[in-house]
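Quick notes on the structure that follows.
Throughout, a chain's letter reflects where its sequence line sits, starting with A, and its residues are numbered from 1.
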Number of protein chains: 4
Amino acid sequence: MALDTRERVRRAAVKLFAAKGFHGTGIRELAQESRLSTASLYHYMGSKEDLLADIMRTCLRTLLDSAAAAVEGVTDPARRLTTLVKLHVKTHARMPKETWIVDNEIHVLTPAMRRSVVSLRDEYERLWDDAVSAGVARGVFDTAHPGVTRIALLEMCNGVARWYSPRGSLSLDDLAEHYADMALRALGACPCGSAEGQSRGE
Amino acid sequence: MALDTRERVRRAAVKLFAAKGFHGTGIRELAQESRLSTASLYHYMGSKEDLLADIMRTCLRTLLDSAAAAVEGVTDPARRLTTLVKLHVKTHARMPKETWIVDNEIHVLTPAMRRSVVSLRDEYERLWDDAVSAGVARGVFDTAHPGVTRIALLEMCNGVARWYSPRGSLSLDDLAEHYADMALRALGACPCGSAEGQSRGE
Amino acid sequence: MALDTRERVRRAAVKLFAAKGFHGTGIRELAQESRLSTASLYHYMGSKEDLLADIMRTCLRTLLDSAAAAVEGVTDPARRLTTLVKLHVKTHARMPKETWIVDNEIHVLTPAMRRSVVSLRDEYERLWDDAVSAGVARGVFDTAHPGVTRIALLEMCNGVARWYSPRGSLSLDDLAEHYADMALRALGACPCGSAEGQSRGE
Amino acid sequence: MALDTRERVRRAAVKLFAAKGFHGTGIRELAQESRLSTASLYHYMGSKEDLLADIMRTCLRTLLDSAAAAVEGVTDPARRLTTLVKLHVKTHARMPKETWIVDNEIHVLTPAMRRSVVSLRDEYERLWDDAVSAGVARGVFDTAHPGVTRIALLEMCNGVARWYSPRGSLSLDDLAEHYADMALRALGACPCGSAEGQSRGE
DNA sequence: AATGAATGAGAATTCATTCAT
DNA sequence: TATGAATGAATTCTCATTCAT
């Protein structure tokens, strides 16, 4: 029961933070959306900032763990990157609110809390970095500025959370495929091309 | 003189809105940063939201006008897109605060003001859309989902405002070049490739 | 307990609004007079305007209900009017602040709230109108302009709230009697005269 | 020219003070309505309170002087009262805004200014008092509480400013006549009655 | 587990007024 | 005569948070 309530609070926060931003969301709205009194809210969330950090950490943890698992044992850099891109895109399409919050509200966090969130994000981005670096090292990727490319691709994929709608004509799989394709092309890995066909099993 | 003060206010706002968000910025901070009393502030800015909308409109207007001018008379779709990407990237690198605000704080605007800003943004994005569509129509670009690709590239370029530092190792020209390169690749226009070499004069 | 506080707030407001007008009364004064912080004040009153409208509606409701009850079953127009005048005068003498507020601060209300208050007032005035009209119809009253007379008498009675003091030499009953007498005279009902004598039992 | 401007300011103030009250009217509205900058406003009005007191004094002065003149040499108490009532009613009908301000905004004045206004008002009311007292002394009026009657009649007449419209069916003369009639009746002077017919010459 | 009551601090905005020009 | 610029103080109202119950 307590768990349900806690979950209700979290969902209310995700909805509101994503819609109006952290500072744009008041405790009262949060309480109302959670069907709780403001006082009760504090029983579940600690402070408003705790709640935000919690949401961010959970989302990043999920992304990080599933990415690490998906990539485990995959040695081919192109496949690794494809896997990462698809997972990233799908996660952003499926949880646009949570991911939007992670991607855009980090700056409101107090330094201490920011550190814990940023370190998770850095850990996640290291997976991308490793894949790109490996691909470059093996000559599979051809890009003048691997670091820049990596961050550019990440931002490109983050954007999905801003606009993708499951009601649109594009399926989640096709979306992920397309982004993976763009990423490989941007990395100069397109000629070896057959990536698209092979990645179906994911 | 009045102009100077007004400009001071605008710069203070740009700095603070970009650093802490619209809702995270108080008018007291704004006044302090502008070296004005809060009351005097209102002599120059109308409301806080007016100030925000003003910054956004000015920034978009600049981007839109210079993009339209840069693209005028350029018929080759690849060159048009290259031009747009470079301008976009450079603007985001040079005015990261203004562009960050435009890209991230639209949701705080009141419906009426939002409309005026969004319509400017839409007008700008149409330039991208036209270039992409033209390229696809002429078979210069090869992409399964032109609309998605366009938005993905835009988001990729927007990201520049978040991380680029002129103190880094990459020059503005190189940065723009690299992004243009990635964009063309993502659009499947890489084979014609010599774009990089030709665009030097820009 | 909560009720006590709410009542304290209401009384503070009645006192201050009557003394300095709605716009002349600040919420700080209101809070101080209520022995509450300004923030706590809002726990009880909604907005300042809500508080005002509340006071007005309560006062009018009281007046309306007691007038309707007092007049119920009274068929003689002269007696009906006498009853209304006396009740009106006594209410204004006993609750000079509330009635003064109703009579003088309606114009500060927002249209929506104004409507709700005005409709109550209209309903109340209809009681007067009915009595006057009935008297005229039966030839008991003799006045060239019944509508004007009715409003003139109402204003005359409203005035009581401005000056009557229970510390003066006139008792409430005598005051009411005197006003009823003036009203009947103004309506040309004096000749039947014995009204004064008969109304003693009230 | 200066006079015109000064007059414009005064009229703007009369309009706004009557519509929204003194405290409900801001300096900026006043300036806008006067087609002046707020700074220029101060050139003409002194302080906001000065302006208010000025309006009140002028209005009362006018009323007082014309009443004194109209009543001069009139010895018959009934005629004197009739004259006062008619003048009062007509003034309130013709200058509803000014008279409303005088009748309702005295309480916002600072003690010192209030005194000067109140003393004018008292002087004016003395004319009424004299007429009533004289009538009572001579047995022309028959009222149990002359003082109360006088104030009741005054309030009744003040009310005209609240509702009379020249666009209505009642002419100013008829209106004044009717009020004078009601006043005499309330004072028990109706039997001698012919007052109505005789007062035509006024 | 839940909440009504309470609050200090702060929110954005307007106040009446002054002054240099 | 006129005003743009400036402001300290006040405005109404909301903030996130605590606490006694």
Side-chain angles (χ1 to χ4, degrees), chain A residues 1-6 22-31 34-52, chain B residues 1-6 9 22-31 34-51, chain C residues 1-6 9 22-31 34-51, chain D residues 1-6 22-31 34-52:
Chain A
M1 184 119 338
L3 207 142
D4 277 50
T5 306
R6 206 174 295 269
F22 178 77
H23 284 311
T25 301
I27 283 285
R28 278 117 135 115
E29 292 171 274
L30 219 41
S34 313
R35 278 170 294 132
L36 241 36
S37 69
T38 56
S40 299
L41 201 56
Y42 278 83
H43 184 70
Y44 292 99
M45 74 171 185
S47 74
K48 196 183 159 195
E49 200 191 359
D50 287 337
L51 181 55
L52 174 64
Chain B
M1 186 128 325
L3 208 141
D4 279 50
T5 306
R6 209 173 294 269
V9 170
F22 178 77
H23 284 310
T25 303
I27 48 147
R28 263 110 101 148
E29 296 168 89
L30 217 41
S34 312
R35 277 170 294 131
L36 239 38
S37 68
T38 57
S40 299
L41 200 55
Y42 280 83
H43 189 63
Y44 293 98
M45 74 170 184
S47 73
K48 196 184 157 193
E49 199 191 0
D50 287 337
L51 182 54
Chain C
M1 186 126 323
L3 207 143
D4 277 51
T5 306
R6 209 173 293 267
V9 171
F22 177 78
H23 284 312
T25 302
I27 47 149
R28 261 108 99 151
E29 295 168 270
L30 218 40
S34 312
R35 278 169 293 130
L36 239 38
S37 68
T38 57
S40 299
L41 201 56
Y42 281 84
H43 189 64
Y44 293 99
M45 73 170 186
S47 74
K48 198 185 156 193
E49 198 191 1
D50 287 337
L51 183 53
Chain D
M1 181 117 340
L3 207 141
D4 277 51
T5 306
R6 207 175 296 269
F22 178 77
H23 284 310
T25 302
I27 285 284
R28 278 117 135 115
E29 291 170 275
L30 219 40
S34 311
R35 278 169 293 131
L36 240 38
S37 70
T38 56
S40 300
L41 200 56
Y42 278 83
H43 185 70
Y44 292 100
M45 73 170 187
S47 75
K48 195 184 161 195
E49 200 191 1
D50 287 337
L51 181 54
L52 173 65

*Rounded to the nearest 0.5 Å, how far does CZ of A:Arg28 lie from CG of A:Leu41?*
12.0 Å
*Partners passing side chain to side chain contact (heavy atoms under 4.5 Å, CB included) against D:Thr25 (at least two apart in sequence or in another chain)*: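 D:Thr25 satisfies side chain to side chain contact (heavy atoms under 4.5 Å, CB included) with D:Leu16, D:Phe17, D:Lys20, D:Glu29, D:Leu30 only.
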*Under the side-chain hydrogen bond (donor to acceptor under 3.5 Å, both in side chains) test, which residues partner C:Ser37, sequence neighbours left out?*
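Per chain and number, C:Ser37 pairs via side-chain hydrogen bond (donor to acceptor under 3.5 Å, both in side chains) with C:Ser40.
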Once you round it to whole Å, what is the distance between [atom2] of [N] and [atom1] of [X]?
X       : N      : atom1 : atom2 : answer
D:Leu41 : F:dT3  : CG    : P     : 11 Å
D:Asp50 : E:dA16 : CG    : P     : 14 Å
B:Asp4  : F:dG4  : CG    : P     : 18 Å
B:Leu51 : E:dT13 : CG    : C1'   : 14 Å

*Base, backbone or nothing for each nucleotide of nucleotides 15-21 of chain F, written B, S, -, heavy atoms under 4.0 angstrom, 5' to 3'?*
BBBBB--
*Does a nitrogen or oxygen in the side chain of C:His43 sit under 4.0 Å from OP1 or OP2 of E:dA5?*
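It does, given that an N or O in the side chain of C:His43 lies less than 4.0 Å from OP1 or OP2 of E:dA5.
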*asked:* Pairs counted only when both distances fall under 3.5 Å, Watson-Crick or G-U: show me the 5' to 3' dot-bracket for DNA chain E, [ ] for pseudoknotted crossings and | for other-strand partners.
replied: .||||||||||||||||||||
*So do the side chains of A:Tyr44 and A:Leu51 get within less than 4.5 Å of each other, counting heavy atoms only?*
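Side chain of A:Tyr44 against side chain of A:Leu51, heavy atoms only: no contact under 4.5 Å found.
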*Would you mind reporting whether D:Met45 and D:Asp50 have side-chain heavy atoms less than 4.5 Å apart?*
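When only atoms from C-beta onward are counted, D:Met45 and D:Asp50 do not touch, as no gap falls below 4.5 Å.
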*Compare the minimum distances between each of F:dT1, F:dT7, F:dT3 and the side chain of D:Tyr44, then state the nucleotide with the smallest one.*
F:dT1
*asked:* Treating D:Lys48 as the side-chain partner and D:Gly26 as the backbone partner, does any N or O pair qualify as donor plus acceptor under 3.5 Å?
replied: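 Here the side-chain-to-backbone pair does not exist.
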